[in-house]
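Before we start, here is the structure in question, set down as structure tokens.
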Amino acid sequence: MPYQYPSLRIEDVSVGDLRNIRLDVHAGEIVCLSGASGSGKSRLLRAIADLEAHDGRVFLGDREQGAVRGHCWRGWVMLVPAESQWWAETVAEHFLEPLPGSLEALGFDRSVLGWQVSRLSSGEKQRLALLRALSHRPEALLLDEPTANLDAESTRLTEDWLRNLVRREWLPVLWVAHDPEQIRRVAQRHYRIMGSGLERQP
Amino acid sequence: MDVIELTWWQLALASLMVVALAVCAHLARLGVGRDLIIAAIRTVLQLALIGLVLEALFSVGALHWVALMAVAMTLIAGREVMARQKRRFHGGWTFGIGTLSMFLSSFVVTILTLTVIIGPEPWYTPQYAIPLLGMMLGNTMTGIALGLDRLTDAVWRQRAVVEGRLMLGQTWAQAVGDIRREAMRSGMIPIINAMAAAGVVSLPGMMTGQILAGSPPALAVKYQILVMFTITVGTGFGTIAAVLAASRRLFDERERLRVDRLRSV
């Protein structure tokens, strides 16, 4: 039997106001999630990454969230928050080996690894946070507004790179976005949070 | 060498100087005049009381009374650790962690010192055991209180960073590692500084007392060195144990950060 790339399966997850969320994100697929602010998008992502107590079960392929140690799960199902955090002096201290060619694809070169974190702009931080997450070789991605601090050109660059990468590496991706144009460009499916559940959008 | 007897009316003379300071503080509107007097009165009452207790304890000298005294001292010190925290754990965990680490380090080091090094007969002779334990607890308490306060406050302030590190797949121990090391250091630094300054900048209180009470300085110095070493060891291990236990308590079984287990006081 050929190797099956794992999909991300969310079964009856309840967190905050959200109740019994069911969602399958297939390998290599980008599913966008939108909703008013405060509707619980970020909390849902946090629950899927197991950073917040929640009901229900989450699977990555045949591996269940509750059956593995918390840090292992989060290493596979990686959440990239809207506001990235940096704790060391230089960029390199936060990184494992970046994916080949990924720095260049987002407009950096290797010298960026020696940069001081304190001198990064918010846009640079956001792109580097994505690269940093992918340097840990996750098997699924949870992106919380990954282009919120980027200008139009960087946004397009980042979208294209992510789309290619996701298809090439067969990653299931849950992507929180606001901009309808962006959702049309990147998503195979789009759900909107309505009340306590998700509603499929055309 | 005979010790000059100190009478209560001589102490009353000394207290006049405190009153003079309180009057000056009041006139200068420092706002501490009242506190100063109250604290002075507490000193007199508490020490007089402990003097009575010690007299009784020394005359009896039974193991179970010494043990009771030691436990009471540990509990009071544990309460003091809790009182010095800006943020405490819900459900008495701060008191529990503080008291238990203090108990482990202070008791082990004190008993080792008594049995292996000083060797009074019997080993729990209260003249040795109680002052030694008292000094251990006093210093260990400071170290643990500082370390815990530093840990919980830093985690609270940097909770976004700690969670950011968890999101990258780090274990709870990696995610809180920097903060934990810093907390352990800050608990141990005062006692390291005290050792470095001993005899040069300050004459340690215990040695001064012993010399005033008629001991030859050479013997007082040896006891002071012994006490310095033991309180350093007790403070160090106590702080490490308390910070380790408290940092674990900040995460749950899924290695999630649980700052909701803290409440600010």
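Chain letters run A, B, ... following the sequence lines, proteins first and then strands; every chain starts at 1.
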Q | Enclosure of Arg19(A) CZ (heavy-atom neighbours >12, cutoff 6.0 Å) | A |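 Enclosed: over 12 neighbouring heavy atoms sit under 6.0 Å from CZ of Arg19(A).
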Q: Enter the distance from Ser84(A):OG to Leu168(B):CG here, rounded to the nearest 0.5 Å.
A: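 Taking OG in Ser84(A) and CG in Leu168(B), the distance rounds to 10.0 Å.
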**Q.** Sub-4.5 Å side-chain heavy-atom contact between Arg256(B) and Asp50(A)
**A.**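 They are in side-chain contact.
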Q | Side-chain touch Arg74(A)/Glu255(B), heavy atoms, less than 4.5 angstrom | A |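 With C-beta onward as the side chain, the pair touches.
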Q: For Glu83(A), look at atom CD and say whether over 12 heavy atoms of other residues, nucleotides or ligands are found less than 6.0 Å away.
A: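 No, the 6.0 Å shell around CD holds no more than 12 heavy atoms from other groups.
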Q: Might you confirm whether atom CZ of Arg185(B) has over 12 heavy atoms from other residues, nucleotides or ligands at distances under 6.0 Å?
A: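 12 or below, so no.
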Q) Quick one: what part of Glu52(A) sits under 4.5 Å from any heavy atom of chain B, side chain, backbone, both or neither? A)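 Backbone of Glu52(A) only, per the 4.5 Å heavy-atom cut-off to chain B.
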**Q.** Atom group of Asp252(B) that falls short of 4.5 Å from chain A, counting heavy atoms
**A.**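 When you check distances to chain A, no heavy atom of Asp252(B) falls under 4.5 Å.
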Q. So which of Trp76(A), Trp87(A), Trp86(A), Trp73(A) has the biggest tally of heavy-atom pairs under 4.5 Å with chain B?
A.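 Looking at each option in turn, the highest pair count goes to Trp87(A).
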Q: Starting at CD of Gln85(A), measure out to CG of Leu166(B) and round the result to the nearest 0.5 Å.
A: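 It comes to 11.5 Å.
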Q. Considering all heavy atoms of both residues, which atom of Met167(B) and which atom of Met78(A) are nearest to each other, and what is their separation?
A.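 Shortest heavy-atom contact: O-CG, 3.4 Å.
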Q | Over 12 non-hydrogen atoms of neighbours within 6.0 angstrom of CZ in Arg42(B) | A |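 Counting neighbours around CZ of Arg42(B), 12 or fewer heavy atoms of other residues, nucleotides or ligands fall under 6.0 Å, so no.
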Q) In terms of heavy-atom pairs under 4.5 Å, which option from Leu51(A), Leu142(A), Leu96(A) contacts chain B the most? A)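 Max contact count across the listed options: Leu51(A).
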Q. So which of Arg165(B), Gln158(B), Gln170(B), Glu163(B) has the biggest tally of heavy-atom pairs under 4.5 Å with chain A?
A.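 Result: the option with the highest number of such pairs is Arg165(B).
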Q: State whether the number of non-hydrogen atoms from other residues, nucleotides or ligands found under 6.0 Å of Glu89(A) atom CD is greater than 12.
A: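 Atom CD in Glu89(A) is not crowded, with 12 or fewer foreign heavy atoms closer than 6.0 Å.
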Q.
With a 6.0 Å cut-off (strictly less than), is the heavy-atom count around CZ of Arg69(A), excluding the residue itself, greater than 12?
A.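 Check fails, neighbour count at 12 or below.
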Q) Is the count of non-hydrogen atoms from other residues, nucleotides or ligands lying under 6.0 Å from Arg263(B) atom CZ greater than 12? A)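 Counting other residues, nucleotides and ligands, CZ of Arg263(B) exceeds 12 neighbours.
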Q | Whether over 12 other heavy atoms sit under 6.0 Å from Arg157(B) CZ | A |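 Result for CZ/Arg157(B): open.
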Q. Quick one: what part of Ala129(A) sits under 4.5 Å from any heavy atom of chain B, side chain, backbone, both or neither?
A.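 Ala129(A) has no heavy atom closer than 4.5 Å to chain B.
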**Q.** Spacing of Phe251(B) atom CZ and His71(A) atom NE2 [to the nearest 0.5 Å]
**A.**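 Between atom CZ of Phe251(B) and atom NE2 of His71(A) there are 12.5 Å.
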